[in-house]
Amino acid sequence: MVDDSYNPHEIEPRWQALWADERAFSVPNPSPGEPEWDERSTYVLEMLPYPSGELHMGHVKNYTLGDVVAHFRRRNGWRVLRPMGYDAFGLPAENAAIKEGGQPREITERNIARIREQMQRMGWAIDWDREISTHTPEYYRWTQLLFLKLLECGLAYRKESLQNWCPNDQTVLANEQVVDGCCERCGAEVEKRSLEQWFFRITDYAEALLDEMELLEHWPERVLTMQRNWIGRSEGAELVFRVEGTEIDLPVFTTRPDTLFGATFFVLAPEHPLVTELVAGRPEEEAVRAYVKQAQTRSTIEREEKAKEGVFTGRNVINPVNGKRIQIWVADYVLMEYGTGAIMAVPAHDERDHAFALSHGLPIVQVIAPQQGEVDVQSEAYVSSSIDDVLINSSEFSRLPSPEGKRSIINWLSAVGLGEKKVSYRLRDWLISRQRYWGCPIPVVYCEHCGVVPVPEEELPVLLPEVSDFLPKGRSPLATAEGWLQAKCPSCGGEARRETDTLDTFVDSSWYFIRYCDPQNTAEPWNREIVDHWMPVDQYIGGIEHAILHLMYARFFTKALNDLGMVGFREPFARLFTQGMIHHLGAKMSKSKGNVVMPNPYVERYGADAVRLNILFMGPADQDAEWQDNGIEGTSRFLGRLWRTVLDAAEKPARKPKAPTSLIRKAHQTIAKVTDDIDRRFAFNTPIAAVMELVNEINRGPDDPGVRFAAETAVSLIQPYAPHIAEELWQRLGHERLWCEPWPAYDESLLEQETFELVVQVNGKVRDRLLASAEASKEELVELARSSPRVIALLEGRELRKTIVVPRKLVNLVV
RNA sequence: GCCGAAGUGGCGGAAUUGGUAGACGCGCUGGACUCAAAAUCCAGUGGCCUUCGGGUCGUGUGGGUUCGAUUCCCACCUUCGGCACCA
């Protein structure tokens with residue numbers, strides 16, 4: 001007898017080869033005007049991987065989720081765009097080149113080849129004809145072009161400012177890449193350095209990034225909340241304080257203009273440009289300079305941990321509302337990056353100002369009082385801004401409720417030209433320069449005569465030259481590429497130097513989803529008609545760790561491109577699903593902890609279908625989950641059971657019984673459950689359980705005439721999860737090509753069994769369970785319940801007060 | 001400190017609209033098959049009590065609403081995530 005047991009190692013490569021041969025999942029773009037444009041089409045996308053060379057379980061979860069959605073939609077009659085590519089620039093390859101030698105490009109391309117092979121071994125239904133990689137000149141040529149477009153409209157600019165510097169990676173970092181004062185990538189404590197760098201003016205889009213969240217109906221609320229927090233919009237006012245005895249005006253931002261009468265001192269950030277001028281030639285000059293110098297050497301973490309320090313400048317400002325003079329201090333609890341780098345300090349109503357006032361003996365004046373009760377602002381700041389609070393000690397504004405006080409004071413100040421309403425954001429412009437090699441060259445040159453000159457579009461791409469030394473030295477390794485460095489100024493033809501910094505890799509991934517729509521276009525980054533057809537992405541799937549960084553940058557890019565007329569939509573991702581992370585040994589998987597789980601050994605042992613099934617069976621996909629080795633034993637065992645059950649059923653006659661059997665009803669219920677879970681609920685673990693139940697049911701009643709239909713249903717429903725075994729079994733059931741087969745439909749009338757277990761409660765407690773007909777009327781159910789001997793015993797001698805009947809479920813008798 | 005999510009058997013989890021708590025899977029126990037093992041199949045599996053009929057407790061804790069609460073309301077505890085010297 002031939003061994004016909006389930007052997008994934010035989011069937012999986014066979015089907016994968018067939019899919020590749022037939023380009024089963026390729027979806028070409030129709031030519032404009034073709035009728036196919038009218039067909040239902042959808043774009044399912046997962047975040048593209050960084051090609052580290054080895055697929056890990058996080059990727060498996062991500063792409064299997066996308067696979068289930070894509071298969072499901074295709075079988076429901078949609079043309080599904082489902083591409084794949086590589087976010088191939090970035091530090092790991094460069095660091096590997098430093099450590100082990102070789103070129104980052106070679107290392108990256110070797111890794112891409114490996115990860116591609118592993119992805120294909122997982123059997124994901126991807127349109128491989130659209131594959132892209134961000135490190136290729138064919139791609140980054142257009143990244144450069146987009147940079148030039150943003151430069152042209154003023155959204156890209158250079159400025160000198162205080163920046164986050166990672167001493168380990170020897171490069172600047174965007175604000176978003178600093179976590180708890182440390183480098184998000186390597187964990188080194190971030191320093192502040194003043195440097196001239198390239199930025200994208202994302203702050204211009206702060207309002208749009210908030211307002212247009214309306215277009216993101218299907219985004220998880222927590223992602224939106226994180227982005228809202230990050231953007232940090234606050235409403236308030238900008239007020240102007242005049243430095244006493246000068247013409248110098250110092251604006252401040254405050255969210256509490258109603259506390260203006262309580263401003264008892266004034267504070268400048270150490271980096272504030274006017275500090276030097278204010279103290280020049282004064283007795284305090286030396287002390288202030290010393291303090292500023294000391295503050296600069298402190299890391300963000302140190303600044304936050306220590307007690308509030310500062311120095312008096314010897315200068316005063318005039319409070320615009322009452323003409324009072326108050327002292328100007330310099331203290332590093334005021335940040336240059338936020339607001340105007342200067343504050344009016346109201347110690348009675350701000351904790352930080354309060355702490356500072358206490359340690360430096362500055363006055364504390366209460367100007368806000370709760371409607372009821374007393375507060376002692378000398379011992380503790382009263383920071384509440386309840387709408388019931390009223391202003392006190394505020395001249396003609398006293399007694400006004402707080403919100404009205406805010407309005408009145410702003411109105412008064414704007415009437416005299418000393419203040420106005422203002423909205424401030426926590427969001428900073430996106431720092432995009434990196435002093436590293438393995439990234440997209442920034443296409444500008446520096447000319448002695450003409451300054452910063454963009455490289456003309458027709459000269460793109462500015463190719464990344466090969467260099468031999470990648471060791472970070474605080475400037476880009478590109479500065480050592482002598483021949484490459486020199487260029488002609490496109491404007492005057494004179495000597496020019498190329499920009500040696502490269503772009504943050506988040507720039508590369510801020511538009512890749514558009515390029516997928518038209519990946520081979522060599523004339524332009526994309527054809528707008530094609531892009532507008534596919535975009536926005538209907539379902540985007542990726543890790544929650546990108547809630548702010550990638551997702552906000554991509555949103556910004558899309559809005560900017562829309563304003564430039566290059567795309568016809570405002571948001572890139574209509575729906576977003578964020579998967580939870582896979583943990584192992586109680587912690588996030590990470591190389592440094594050595595707890596990264598790779599799918600490969602499991603694929604070799606159990607096959608890709610078992611791995612795919614297991615990763616989604618572990619629990620709700622949006623939650624974190626712990627990888628456990630014995631789980632896959634279970635799913636693999638299930639596939640073996642499915643295999644035997646279906647092969648047995650394949651022996652049974654193919655004709656369908658006339659009357660619906662219990663197994664046929666069960667099959668219809670399972671179709672309804674799986675369809676609803678995938679489509680509406682976005683639940684991916686419970687459909688697997690439902691199919692398992694169906695298979696168990698088949699094994700319990702192998703003589704039911706509906707067995708073959710039930711088996712076919714099980715195979716068809718499990719196909720998005722385990723496509724190889726499903727194809728194989730489908731074929732053995734006498735069909736072909738399940739992946740093109742329509743998704744099974746269910747018959748509404750078969751969703752209920754003919755009989756059900758009636759739960760009989762007395763006073764809300766379950767006392768009996770009886771078999772009842774699904775058609776029984778309420779009265780019949782009550783009668784049935786009351787006929788139960790156990791119920792009769794309980795009701796004896798008691799008065800029935802109330803009867804509750806839930807059709808097809810229960811009867812509750814209240815006595 | 002502020003905002004958000006979550007707490008259910010030995011474990012991962014299910015219960016979708018307030019209606020049988022623990023589906024499905026793992027693990028464990030017993031049995032079948034086998035010379036034996038693996039694989040597979042069958043049965044059992046929340047705690048306590050039990051005269052083996054059943055009783056009783058049970059979804060983080062304490063209250064409340066309801067005939068009935070894992071589900072709704074209030075307070076609290078714990079864990080995780082985000083933000084945090086942002087004026």
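All chains are named by letter (A, B, ...) in the order of the sequence lines, taking the proteins before the strands, and each is independently numbered beginning at 1.
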Donor-acceptor contacts, no H, no angles, side chain residues 759-771 of chain A, under 3.5 Å, sequence neighbours left out:
unit_1: A:Asn763; atom_1: OD1; unit_2: A:Val815; atom_2: N; d: 2.9
unit_1: A:Asp768; atom_1: OD2; unit_2: A:Ser788; atom_2: OG; d: 2.7

**Any residue of residues 613-620 of chain A with a heavy atom less than 4.0 Å from an atom of RNA chain B** = A:Phe617, A:Met618, A:Pro620
**Request:** Could you check which residues of residues 803-811 of chain A get a heavy atom under 4.0 Å from RNA chain B? Sort them by number, please.
**Result:** A:Ile804, A:Val806, A:Lys809, A:Leu810
**Asked** Quick one: what's the B/S/- string for nucleotides 44-60 of chain B, heavy-atom cutoff under 4.0 Å, read 5' to 3'?
**Response** ----------SSSS---
Residue list, ring pair (Phe, Tyr, Trp, His ring centres under 6.0 Å) with [X], at least two apart or on another chain:
X	result
A:Trp643	A:Tyr6
A:His354	none
A:Tyr602	A:Trp627

**Prompt:** CD of A:Glu757 versus C1' of B:rG19: gap in Å, rounded?
**Reply:** 14 Å
**Item:** Pairwise salt bridge (charged side-chain N to carboxylate O under 4.0 Å, His left out) hits with a residue in residues 617-630 of chain A, at least two apart
**Value:** none
**Asked** Given the P atoms of B:rG62 and B:rU8, what is the spacing between them in whole Å?
**Response**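 It works out to 16 Å between them.
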**Prompt:** Is it true that atom NZ of A:Lys422 has more than 12 heavy atoms of other residues, nucleotides or ligands lying nearer than 6.0 Å?
**Reply:**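 No - once you tally the heavy atoms of other residues, nucleotides and ligands closer than 6.0 Å, there are 12 at most.
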Nucleotide nearest [X] when distance is taken to its side chain, options [options]:
X	options	answer
A:Thr686	B:rA14, B:rC41, B:rU16	B:rA14
A:Met692	B:rG82, B:rC24, B:rA87	B:rC24
A:Arg637	B:rU16, B:rU40, B:rG25	B:rU40

**Request:** Not counting sequence neighbours, which residues clear salt bridge (Lys or Arg N to Asp or Glu O under 4.0 Å) with A:Lys61? List them please.
**Result:** none
**Message:** Run the salt bridge (Lys or Arg N to Asp or Glu O under 4.0 Å) test against A:Glu221 and tell me which residues pass, sequence neighbours left out.
**Reply:** A:Arg228
Closer than 4.0 angstrom, basic N to acidic O: yes or no for [X] and [Y]?
X	Y	value
A:Glu780	A:Lys778	no
A:Asp648	A:Arg644	no
A:Glu693	A:Arg700	no

**Fill in**
Pairs under 3.5 Å (Watson-Crick or G-U), crossing ones as [ ], inter-strand ones as |: RNA chain B comes out as (((((((..(((......[....)))((((((.......))))))((((....))))..(((((..]....))))))))))))....
Could you tell me whether the phosphate oxygens of [N], OP1 or OP2, come under 4.0 Å of any side-chain nitrogen or oxygen in [X]?
X	N	result
A:Asn696	B:rG25	yes
A:Asn685	B:rG12	no
A:Arg222	B:rC83	no

**Message:** Checking understanding here: a glycosidic angle within 90° of 0 is syn, the rest anti, so what is B:rG9?
**Reply:** syn
**Complete:** Judged by whether its glycosidic angle lies within 90° of 0, B:rG53 is syn
Interface polar pairs with nucleotides 31-33 of chain B, N/O, under 3.5 angstrom:
none

